[in-house]
Amino acid sequence: MGHTPRACSVAVGLGSHDLGVADVTVGLYRRGLAPVILFTGATSPTTRERMPRGEAEHYRERALESGVPEDVVLVEPRARNTGENIRFSRELLAERGVDVSSVLLVSKPYEERRVYATARRLWPEVEVVCASSPMTLAAYVDSIQDPRLVLDMLVGAVQRLMVYPAQGFMVPTDVPRSVVVAFERLRDQGFTSRLVAP
């Protein structure tokens, strides 16, 4: 999204296969950009084996190992998709009495646009600032050590940008023609495990 991270009411790390999301969230907290961290996510087919206690719980453990005080870390362990990440985080923060006017949403680099569009639909009253680890696709693939997984996830993320607005899951967002062409090429080459049914 090209957002510049700035101070917000809370930093929300969206669960995934990438522990780097937890690291970025911790880094934003250490910079004083959020007084509270919330990690959200259950498990998925891509995380069931590597994060058996749930994505949010593994993120929390990573944050505590990094020296973040336990009392500033909240865990939302039920969300199984981006929409639930947003809805359940919003509900938990309200239950805990956290006043939220702005939120730092931390995700994988290629998920920022989808996260933003989803939050605009489901949490329209807050200002949303997106953040992720700034790196090239090649560097990201190297960090994950699973090129197939990254490309499958990327193709799925782009497809959702194109189909989810009509289903009411996110606000419409521009997908440049060059991105559509790249999506179609990768899809046709078989990177389809994260596609949703039309």
Enquirer: So does A139 get a backbone contact from the side chain of T136, meaning a donor-acceptor N/O pair under 3.5 Å?
Expert: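 Judged by distance alone, yes, a pair lies under 3.5 Å.
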Enquirer: Linking I/L/V/M/F/W/Y whenever their side-chain heavy atoms sit closer than 4.5 Å, directly or via other members, would M51 and L74 fall into one cluster?
Expert: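 No, no single cluster joins them.
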Enquirer: What's the separation between atom CG in N85 and atom OG1 in T40, rounded to the nearest 0.5 Å?
Expert: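 Separation between the atoms: 4.0 Å.
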Enquirer: Drop me the distance from R187's CZ to Q189's CD, to the nearest 0.5 angstrom.
Expert: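 Reported value, rounded in 0.5 Å steps: 11.0 Å.
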Enquirer: Measure the spacing between CG of D174 and CG of L161 and express it to the nearest 0.5 Å.
Expert: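 Interatomic distance, D174 CG to L161 CG, rounded to 0.5 Å: 10.0 Å.
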Enquirer: When hydrophobic residues are tied together by side-chain contacts of less than 4.5 Å, even through go-betweens, does M1 share a cluster with V129?
Expert: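 Different clusters: M1 never reaches V129 through Ile, Leu, Val, Met, Phe, Trp or Tyr contacts under 4.5 Å.
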Enquirer: Please tabulate, for the side chains in residues 98-106, all donor-acceptor contacts under 3.5 angstrom to protein atoms that are two or more places apart in sequence or on a different chain.
Expert:
unit_1	atom_1	unit_2	atom_2	d
S101	OG	S9	OG	3.4
S102	OG	S9	N	3.2

Enquirer: Would you call E55 and R50 a salt bridge, using N to O less than 4.0 angstrom?
Expert: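 Salt bridge absent between E55 and R50.
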Enquirer: To the nearest 0.5 Å, what is the distance between CZ (R87) and CD (E76)?
Expert: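 Spacing of CZ (R87) from CD (E76) equals 10.0 Å.
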Enquirer: Nearest heavy-atom pair of T118 and G83: which atoms, and what distance?
Expert: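 Heavy atoms of T118 and G83 come nearest at CG2-CA, 3.9 Å.
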Enquirer: Just do the side chain to side chain contact (heavy atoms under 4.5 Å, CB included) check on R80 and T43 with the steps written out, would you?
Expert: CA-CA 7 Å; R80 296 191 180 277; T43 57; 3.7 Å; yes
Enquirer: Among the clusters formed by ILVMFWY side chains lying less than 4.5 Å apart, do V12 and L92 turn up in the same one?
Expert: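 As far as the 4.5 Å side-chain criterion goes, L92 and V12 are connected within one cluster.
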Enquirer: Using only atom types and a distance under 3.5 Å, with no angle test, would you say the side chain of Q159 pairs donor to acceptor with the backbone of L195?
Expert: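 Not confirmed, Q159 side chain does not pair with L195 backbone.
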Enquirer: Roughly how far apart are R62 CZ and F39 CZ, rounded to 0.5 Å?
Expert: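 Spacing of CZ (R62) from CZ (F39) equals 10.0 Å.
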Enquirer: Around R113, counting heavy atoms of other residues, nucleotides and ligands shown, do more than 12 lie under 6.0 Å from its CZ?
Expert: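 Atom CZ in R113 is not crowded, with 12 or fewer foreign heavy atoms closer than 6.0 Å.
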Enquirer: Is the shortest heavy-atom distance from the side chain of L38 to the side chain of L93 under 4.5 Å?
Expert: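 SC-SC contact between L38 and L93 confirmed.
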Enquirer: Begin from the C-alpha positions of R6 and E127 and carry the test salt bridge (Lys or Arg N to Asp or Glu O under 4.0 Å) through to its verdict.
Expert: CA-CA 11 Å; R6 64 166 192 79; E127 183 176 354; 2.5 Å; yes
Enquirer: Are there over 12 heavy-atom neighbours, none belonging to E49, within less than 6.0 Å of that residue's CD?
Expert: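 Counting neighbours around CD of E49, 12 or fewer heavy atoms of other residues, nucleotides or ligands fall under 6.0 Å, so no.
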Enquirer: Going by side chain to side chain contact (heavy atoms under 4.5 Å, CB included), name the residues that satisfy it together with A182, two or more places apart in sequence or in a different chain.
Expert: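 Partners of A182 under the side chain to side chain contact (heavy atoms under 4.5 Å, CB included) test: R185.
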Enquirer: Taking side chain to side chain contact (heavy atoms under 4.5 Å, CB included) as the test, write out the residues that go with V75, two or more places apart.
Expert: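 Counting only residues at least two positions away or on another chain, V75 forms a side chain to side chain contact (heavy atoms under 4.5 Å, CB included) with A56, E57, R60, P77.
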Enquirer: When the aromatic ring centroids of Y116 and H3 are compared, is their separation below 6.0 Å?
Expert: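 They qualify: ring centres under 6.0 Å apart.
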Enquirer: Any idea which heavy atoms bring Y59 and A22 closest together, and the distance?
Expert: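 Of all heavy-atom pairs spanning Y59 and A22, the closest is CG-CB, 3.7 Å.
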Enquirer: Test of understanding: with side chain to side chain donor-acceptor pair (under 3.5 Å), list the residues that count as partners of T82, not counting sequence neighbours.
Expert: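 For T82, the residues satisfying side chain to side chain donor-acceptor pair (under 3.5 Å) (neighbours in sequence not counted) are R114.
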Enquirer: Flag the pair V150 / Y140 as yes when at least one side-chain heavy-atom distance between them is below 4.5 Å, and no otherwise.
Expert: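 The answer is yes; the side chains approach within 4.5 Å.
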Enquirer: Flag the pair K108 and E111 as a salt bridge only when some basic side-chain nitrogen lies within less than 4.0 angstrom of an acidic carboxylate oxygen.
Expert: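 Yes, this pair counts.
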Enquirer: For the residue pair A34 and A11, what are the closest heavy atoms and their distance?
Expert: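 Taking every non-hydrogen atom into account, CB-N, 3.5 Å.
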Enquirer: Sequence neighbours left out, what passes side chain to side chain donor-acceptor pair (under 3.5 Å) with D152? Give chain and number order.
Expert: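 So D152 forms a side chain to side chain donor-acceptor pair (under 3.5 Å) with R148, S193.
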Enquirer: Using every non-hydrogen atom in the two residues, find where L64 and E70 come nearest and quote the distance to one decimal.
Expert: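 Minimum heavy-atom separation between L64 and E70: CD2-CA, 3.6 Å.
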Enquirer: Would you please name every residue forming a ring pair (Phe, Tyr, Trp, His ring centres under 6.0 Å) with F191, sequence neighbours left out?
Expert: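 Here no residue qualifies.
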Enquirer: If the condition is ring pair (Phe, Tyr, Trp, His ring centres under 6.0 Å), which residues does F183 pass it with, not counting sequence neighbours?
Expert: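 F183 satisfies ring pair (Phe, Tyr, Trp, His ring centres under 6.0 Å) with no other residue.
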Enquirer: More than 12 non-hydrogen atoms from neighbouring residues, nucleotides or ligands closer than 6.0 Å to CD on Q167, yes or no?
Expert: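 Above 12, so yes.
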Enquirer: Among all residues two or more places apart in sequence or in another chain, which pass the side chain to side chain contact (heavy atoms under 4.5 Å, CB included) test with S178?
Expert: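 Partners of S178 under the side chain to side chain contact (heavy atoms under 4.5 Å, CB included) test: P176.
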Enquirer: Which is it for T173 and V171 under the side chain to side chain contact (heavy atoms under 4.5 Å, CB included) test, yes or no, and what are the steps along the way?
Expert: CA-CA 6 Å; T173 185; V171 298; 5.7 Å; no
Enquirer: Are side-chain heavy atoms of H17 and L149 found at a separation under 4.5 Å?
Expert: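 Yes. Closest side-chain heavy atoms under 4.5 Å.
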Enquirer: Indicate, with yes or no, if M170 and W123 share a hydrophobic cluster defined by side-chain heavy-atom contacts under 4.5 Å among Ile, Leu, Val, Met, Phe, Trp and Tyr.
Expert: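 Different clusters: W123 never reaches M170 through Ile, Leu, Val, Met, Phe, Trp or Tyr contacts under 4.5 Å.
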Enquirer: Is there a path of hydrophobic side-chain contacts, each under 4.5 Å between heavy atoms of I/L/V/M/F/W/Y residues, joining L33 to V10?
Expert: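 No; tracing contacts between hydrophobic side chains, which count when under 4.5 Å, never links both residues.
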Enquirer: List the atom of V115, the atom of S107, and the distance in Å for their closest heavy-atom pair.
Expert: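 Answer, listing the atom of V115 first, then S107: CG2-CB, 3.8 Å.
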Enquirer: Between S132 and E112, is there a side-chain donor-acceptor contact under 3.5 Å, judged purely by atom types and distance?
Expert: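 Yes, because at least one side-chain N or O of E112 sits under 3.5 Å from a partner of the opposite role on S132.
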Enquirer: Once side chain to side chain contact (heavy atoms under 4.5 Å, CB included) is applied, do any residues pair with P35, and if so which ones, sequence neighbours excluded?
Expert: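 P35: no side chain to side chain contact (heavy atoms under 4.5 Å, CB included) contacts found.
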Enquirer: Quick one: side chain to side chain donor-acceptor pair (under 3.5 Å) partners of S89, sequence neighbours excluded?
Expert: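 In terms of side chain to side chain donor-acceptor pair (under 3.5 Å), with neighbours along the sequence ignored, S89 is linked to no residue.
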Enquirer: Do the side chains of V21 and V24 get nearer than 4.5 Å, heavy atoms only?
Expert: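 Answer no - side chains too far apart.
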Enquirer: Testing the basics here: between V179 and V175, what is the closest heavy-atom pair and its distance to 0.1 Å?
Expert: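 The answer is CG1-CG1, 3.9 Å.
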Enquirer: Partners of Y164 by ring pair (Phe, Tyr, Trp, His ring centres under 6.0 Å), sequence neighbours excluded?
Expert: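 Counting only residues at least two positions away or on another chain, Y164 forms a ring pair (Phe, Tyr, Trp, His ring centres under 6.0 Å) with F169.
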Enquirer: Among all residues two or more places apart in sequence or in another chain, which pass the side chain to side chain donor-acceptor pair (under 3.5 Å) test with E84?
Expert: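 So E84 forms no side chain to side chain donor-acceptor pair (under 3.5 Å) with any residue.
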Enquirer: In Å, rounded to the nearest 0.5 Å, how long is the span from CE of M153 to CD1 of I144?
Expert: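 CD1 of I144 is found 9.5 Å from CE of M153.
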